[in-house]
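Numbers restart at 1 for each chain; the letters A, B, ... are given by sequence-line order, proteins then strands. Computed from a predicted model, the values in this text were never measured in an experiment.
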Amino acid sequence: MLLRRCGTDALLVEVDSLSEVAAVRAALEQLDGIEELVPAARTVLVKGALNQVRDALKAVDLTKAPTTHSREVTIPVVYDGPDLALVAETAGITPDEVVRLHTTATYEVAFCGFAPGFGYLTGLPEALQQPRLDSPRTKVPQGSVGIAGEFTAAYPRPTPGGWRLIGRTEITLFDARAETPALLQPGDQVRFVVA
Amino acid sequence: MKRSVTIIRTGPQALIEDLGRPGNAHLGVPPSGALDQHSLKLANRLVGNPEGAAGLELLLGGLALQAHASCTVAVTGPTTEVRVGGRLADSHQPIHLRQDEVLEIGTPLTGLRNYLALSGGIEVDEELGSRSTDLLSGIGPEPLRDNDVLHLGTPNLPEGADVVTPHHALQTLVIPILLGPRDDWFDDAETQLRQGSWTVSDRSNRVGARLSGTRLNRRDGEIPSEGMITGAVQVPPDGQPVIFLNDHPTTGGYPVIGVVDNDHLRFLGQARPGTEVRFRPVG
């Protein structure tokens, strides 16, 4: 674990894996006085309460993944995405098997970014861990469900994007006016079901 | 009936801003809020509002409005011409508008953003605890358009006097910067920052102040996306730094050579294209 200075009141905590990111996030999210806590692929950005943060980081066990999940979320998906056949072909399986694999796994929100409410979910079965499209789409429709590398995600609103799209959901992923604006938050457990 | 004003003309860009919605970066939501918070707070105090009430951020002034009820307003930021019913009035002072009177704000001679506070504050629905327009993610109210009607909240009485310091836009900004978190991507980051000089590019906006000038030499490649804070100086492969302002993306994959001192961010929000920028590495 490496602590990198980030201005006068923030630190970037650099670790080696997504599971270590989860351990750091879980250790820090209970502290008082934290202004921002932003997990990412190999880092956690933390702003505020830096003395308490340094103490908590001395005590953290990076090998222990957090076992409790604040929330469990189920996302219904219609699996008719434009890249479903490509994903099946790349994996050497049928489209039905892609759907079965995607709906059998349990995922965790590793971090959010790119757009409000866009959660990067880990736990994708290995056969579905595939590269991005060679040429990104200029507009991915809202609700599209895609895969890229070790992640799967659903697009909260239309944006450009290069993920392979396997389906779509009608669930609201982000509503700035709602009591809980983002459906997905770091640490949430997620399952996809056939709509 | 609610007190209200009608926007006769917006000027180049008129946005509703308060102090933003920090604390939501883990959801991918930028902090947003007024770029020159010092000036918004001052305007609010002058009209008896809480400092965090929603007012207007006016790019290069230029706004005109008509009051439908008596109200107190104040214009802050760079010094600019203010008229009420065609008569000259002062910026950086409370101004009383009678019902049906027209307020006109001119173009500031220096600086970029004027702030207008209205007694009672602008009442629009909050989104994630703020009324600010976020131009990156589209959260908050739309940018104002001509003929929009703004509803105002319940006014308070202004409390006592205030120390009024109009904004002075500087020809050259010398900005303190703390190295890190990714200064190790650069050969002698401190010397490169200290010896370089830049100007504010006309592609700057609420997302970031883009600088053009000395190329910062860095390693090739990208970092897996990581959290970004306001004031982070990101260096893309072309070596031209971008200083993140309030509507910045919450994560990014270019190395951050250093972070600008918080108290200096408002000067960047007021820096016109062409303003000279130098960095002073500290710590």
Seminar exercise, completed: Answer key: most heavy-atom pairs under 4.5 Å with chain A among B:Ile177, B:Asp125, B:Leu128 is B:Leu128

Exercise. Picking from B:Pro224, B:Gly140, B:Gly231, B:Ser137, which has the most non-hydrogen pairs under 4.5 angstrom with chain A?
Worked result: B:Ser137

For this session: Check whether A:Asp175 gets within reach of chain B through its side chain, its backbone, both or neither, counting any heavy atom under 4.5 Å.
Result: neither

Seminar exercise, completed: Here the gap from A:Cys6 atom SG to B:Met228 atom CE, rounded to the nearest 0.5 Å, amounts to 8.0 Å

Exercise. Among A:Gly7, A:Ala40, A:Ala176, which residue forms the greatest number of heavy-atom pairs with chain B at distances under 4.5 Å?
Worked result: A:Ala176

Seminar exercise, completed: CZ of A:Phe118 to OG1 of B:Thr251, rounded to nearest 0.5 Å, is 10.0 Å

Seminar exercise, completed: Residues A:Pro116 and B:Ile139: closest non-hydrogen pair is CG-CD1, 3.9 Å

Problem set entry | Verdict with supporting geometry, A:Arg42 and B:Glu226, side-chain contact (heavy atoms from CB on, under 4.5 Å) | CA-CA 7 Å; A:Arg42 293 292 179 270; B:Glu226 61 191 24; over 6 Å; no

Exercise. In terms of heavy-atom contacts, does CD of A:Glu97 have more than 12 from other residues, nucleotides or ligands at under 6.0 Å?
Worked result: yes

For this session: Could you look at B:Leu136 and say if it's the side chain, the backbone, both or neither that has a heavy atom under 4.5 Å from chain A?
Result: backbone

Problem set entry | Engaged part of A:Ala115 at the chain B interface, taking heavy atoms whose separation is under 4.5 Å | backbone

Problem set entry | Under 4.5 Å from a heavy atom of chain B, the part of A:Glu179 involved | neither

Problem set entry | Pairwise side-chain contact, A:Glu36 with B:Ile229, heavy-atom cut-off 4.5 Å (strictly under) | no

For this session: Determine, step by step, whether B:Arg182 and A:Leu12 satisfy the side-chain contact (heavy atoms from CB on, under 4.5 Å) criterion, reporting the C-alpha distance in whole Å, the side-chain angles of both residues, the deciding distance to 0.1 Å, and the verdict.
Result: CA-CA 10 Å; B:Arg182 297 287 177 186; A:Leu12 190 68; 3.9 Å; yes

Seminar exercise, completed: Under 4.5 Å to a heavy atom of chain A? For B:Asp134 that would be neither

Problem set entry | Main-chain N/O of B:Gly23 paired to A:Glu35 side chain as donor or acceptor, under 3.5 Å | no

For this session: Sort A:Ile34 into side chain, backbone, both or neither according to what part of it lies under 4.5 angstrom from a heavy atom of chain B.
Result: neither

Exercise. A:Phe114 versus chain B, heavy atoms under 4.5 Å apart: side chain, backbone, both or neither?
Worked result: backbone

Exercise. Does CG belonging to A:Asp32 count more than 12 external heavy atoms closer than 6.0 Å?
Worked result: no

Exercise. More than 12 non-hydrogen atoms from neighbouring residues, nucleotides or ligands closer than 6.0 Å to CG on B:Asp184, yes or no?
Worked result: yes

Seminar exercise, completed: Honestly, the part of A:Arg25 sitting under 4.5 Å from a heavy atom of chain B is neither

Exercise. Checking side-chain contact (heavy atoms from CB on, under 4.5 Å) for the pair A:Phe111/B:Thr250: CA distance, chi angles, key distance, verdict?
Worked result: CA-CA 11 Å; A:Phe111 54 94; B:Thr250 56; over 6 Å; no

For this session: Side chain from CB out, backbone as N, CA, C, O: work out which of these in A:Leu37 comes under 4.5 Å of a heavy atom of chain B, or both, or neither.
Result: backbone

Exercise. side-chain contact (heavy atoms from CB on, under 4.5 Å) between A:Thr8 and B:Leu178: does it pass, once the steps are laid out?
Worked result: CA-CA 8 Å; A:Thr8 50; B:Leu178 210 52; 3.8 Å; yes

Exercise. Crowded around B:Arg280 CZ? As in, over 12 foreign heavy atoms under 6.0 Å?
Worked result: no

Exercise. Side chain, backbone, both or neither: which part of A:Thr43 has an atom under 4.5 Å from a heavy atom of chain B?
Worked result: side chain

Seminar exercise, completed: Highest number of heavy-atom pairs under 4.5 Å with chain A among B:Pro31, B:Pro30, B:Ser225 belongs to B:Ser225

Exercise. Side chain, backbone, both or neither: which part of B:Pro22 has a non-hydrogen atom closer than 4.5 Å to chain A?
Worked result: both

